[in-house]
Amino acid sequence: MSSEDVYILGIKMTKFGKHKELDTLDLACEATFAALADGGVTMKDMGIIAAGNLMGGAAPIAQLIQKQAGQTGIPAYNVSNACATGATALRVACMSVKAGESDFGLAVGVEKLAGAGLLAGGSRKSDGDSWQRSGRYGAVAPVDGRIGTDTMPGVFAQIGMEYGNKYGGANFELFAQISEKNHGHSTLNPLAAYSKKMSLEEIMGDLMIAYPNTRPMCSANCDGAAAAVVVSASKLATLSLEQQRRAVKISASILTSDPFEEACQVLPNVNTLTRNAATQAYEQAGVGPADLDLVELHDCFATAELVHYDNLMLCEEGGAVDFFKSGAPFRDGTTPVNVSGGLQSKGHPIAATGIANIWEVCHHLRGEAGPRQIEGAKVGLAHVIGLASACGVHILEKSAA
Amino acid sequence: MAEQIPFVEYLTLGDDPHLVAHECTGCGARFFDRRNACASCSGTDFKPARVATQGVLRSFTIVAFAAPGIDVPFVSAIVDCEGTSVRANIVNTPADPENVKLGMPVRLTTFPIGSDSEGVEAINFGFEPAA
Ligand SMILES: [Zn+2]
């Protein structure tokens, strides 16, 4: 063990779904105390807290959590990175531990979204009485809907269709089959917002949101929180054997943003920054895609999952359609993808997602995933992407202890 | 004839409607929005560049749920205009996957989107099938 290594000591996600009786802080504290208990530590042990809550307003969520869970005076970082907010919070905690500033770090992501409708984006003001130019395009009225779309289902539909244009084979039915896979996986996940198996006919016949994404092919807005406690390798060595046995090694923790390319300001390019993050992560961890026993990737829409098979290099470049058709990403396949049910079934409480994906992987690496356990899982990858854009990739390994 | 204004500043009207991008003189990157600098090379010198009015449909979606006031369904698309990517709606064809196909040739067209209280007409652009 090198002293710079960082481990997940405790991690938990709440049930995702509707929590009418619980507010944002209830959910955040539930996840926080569950993660601390899972790691056998308390708030007093933490040297840093990083937390995110994207849609909840301007209040500093980290300090709000401290004011319920324990005001110990430690540095608090409030992070905001779209759908990569949770992964960013974890990354901040990891950096602090890696830098030797803290022995233990806490990362929390929480969101209250149930009833918010589809992850739409594209809010717009009403048109004025007389044309007046505003904004960076000098538009006389909102451009969303008049010059393309800003809605998330539409943007990610175009991202999937662009892949189809480049490599062929990606059509409505194929994207719906990806969704069918994830809804099938979700039946084994008691914490998923939706855990109902859906047939291909049901998925394709459901309400069209933005072709080719129908409603069940879109991530479900819901309430939820997730929290993780990280620890330095040297500190972990002083803890109990049980804590060491359940600790999960963070073999790679990477965050990238989107580098400039032609068209990237016309349609967000979620490909290059994911490929860059994956490349760096594989190098840092010293593992390759073939070593992965499971992958949780950011299937905010069925059209997104396809492109990330390729971006994470789970298949040859251009080979995502064949990869899916081979059965590889099914739970009994060679590279199980989204055995949690993915965001389409599990739900997508934005700031919680980047930690919940890591919890899912840890759950399997610890051998604690019950009926949905991927047998013998030793290495896993968790990926999230937030538009505008940020990509988090973490590679996790079963503890050798 | 009513006074007409372009919907966005990067649309030029007249007998030969076309889009004009800000082209970085350092690296050639093109942008449609007001710039502080170039996202590719950080240069600050730009020149206007006419964008081709012919293109190929590189991606699209058919949006069924949109902001209030936007007619649905509509086709949102990314058009490759001879190397410059443009975001626009596909118009003058039914909004369904039988009539909108990846790789199909399209051309720029303009149309009024309404008049303000002083009778000034705003003209937007879109792309229509060119075949
Ligand atoms: Zn430049």
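Below, chains carry the letters A, B, ... as their sequence lines are ordered, and counting in each starts from 1.
- To the nearest 0.5 Å, atoms CZ (Phe31(B)) and CZ (Arg136(A)) are separated by 12.0 Å.
- There is no contact between Val91(B) and chain A, counting heavy-atom distances below 4.5 Å.
- Of the atoms belonging to Phe32(B), heavy atoms from both backbone and side chain fall under 4.5 Å from chain A.
- Among Pro259(A), Ala139(A), Gly160(A), Ala157(A), the residue making the largest number of heavy-atom pairs under 4.5 Å with chain B is Ala139(A).
- Using a 4.5 Å heavy-atom cut-off against chain A, no residue of residues 43-54 of chain B qualifies as contacting.
- Val63(B) places none of its side-chain heavy atoms less than 4.5 Å from the side chain of Gln158(A).
- Across all their heavy atoms, Asp144(A) and Ile70(B) have their closest contact at O-CD1, 3.6 Å.
- Side-chain contact between Ile62(B) and Met208(A) is absent, with no heavy atoms from C-beta onward closer than 4.5 Å.
- When heavy atoms are compared at a cutoff of 4.5 Å, Ile90(B) does not approach chain A at all.
- Counting heavy atoms from C-beta on, the side chains of Phe7(B) and Trp131(A) never come closer than 4.5 Å.
- Within the 4.5 angstrom heavy-atom criterion, atoms from both the backbone and the side chain of Asn89(B) approach chain A.
- For Asp16(B), the CG atom counts as densely surrounded, since its 6.0 Å shell holds more than 12 non-hydrogen atoms of other residues, nucleotides or ligands.
- Taking non-hydrogen atoms and a 4.5 Å limit, the residue list of residues 162-172 of chain A in contact with chain B, ordered by number, reads Glu162(A), Gly164(A), Asn165(A).
- Scanning residues 99-107 of chain B against chain A with a 4.5 Å non-hydrogen threshold yields Leu102(B), Gly103(B), sorted by number.
- Here the CG-CD distance, from Asp116(B) to Gln132(A), works out to 9.5 Å after rounding to the nearest 0.5 Å.
- Interface remark: of the candidates Ser40(B), Pro73(B), Ser115(B), Ser40(B) forms the most heavy-atom pairs closer than 4.5 Å to chain A.
- Within the 4.5 angstrom heavy-atom criterion, atoms from both the backbone and the side chain of Val143(A) approach chain B.
- In this structure, chain A has heavy atoms under 4.5 Å from both the backbone and the side chain of Pro6(B).
- For residues 260-277 of chain A, a heavy-atom distance under 4.5 Å to chain B picks out Phe260(A), Glu262(A), Ala263(A), Gln265(A), Val266(A), Leu267(A), given by residue number.
- In terms of heavy-atom pairs under 4.5 Å with chain A, the best-connected choice from Glu118(B), Glu9(B), Arg34(B), Arg87(B) is Arg87(B).
- Across Phe125(B) and Ile147(A), no two heavy atoms sit closer than the pair CE2-CD1, 3.7 Å.
- No side-chain heavy atom of Val75(B) sits less than 4.5 Å from a side-chain heavy atom of Tyr211(A).
- Within 6.0 Å of the CD atom in Glu128(B), the count of heavy atoms belonging to other residues, nucleotides or ligands exceeds 12.
- Arg30(B) does not touch chain A: none of its heavy atoms, backbone or side chain, sits under 4.5 Å away.
- Taking Gly148(A), Pro212(A), Ala210(A) one by one and counting their heavy-atom pairs under 4.5 Å with chain B, the maximum is reached by Gly148(A).
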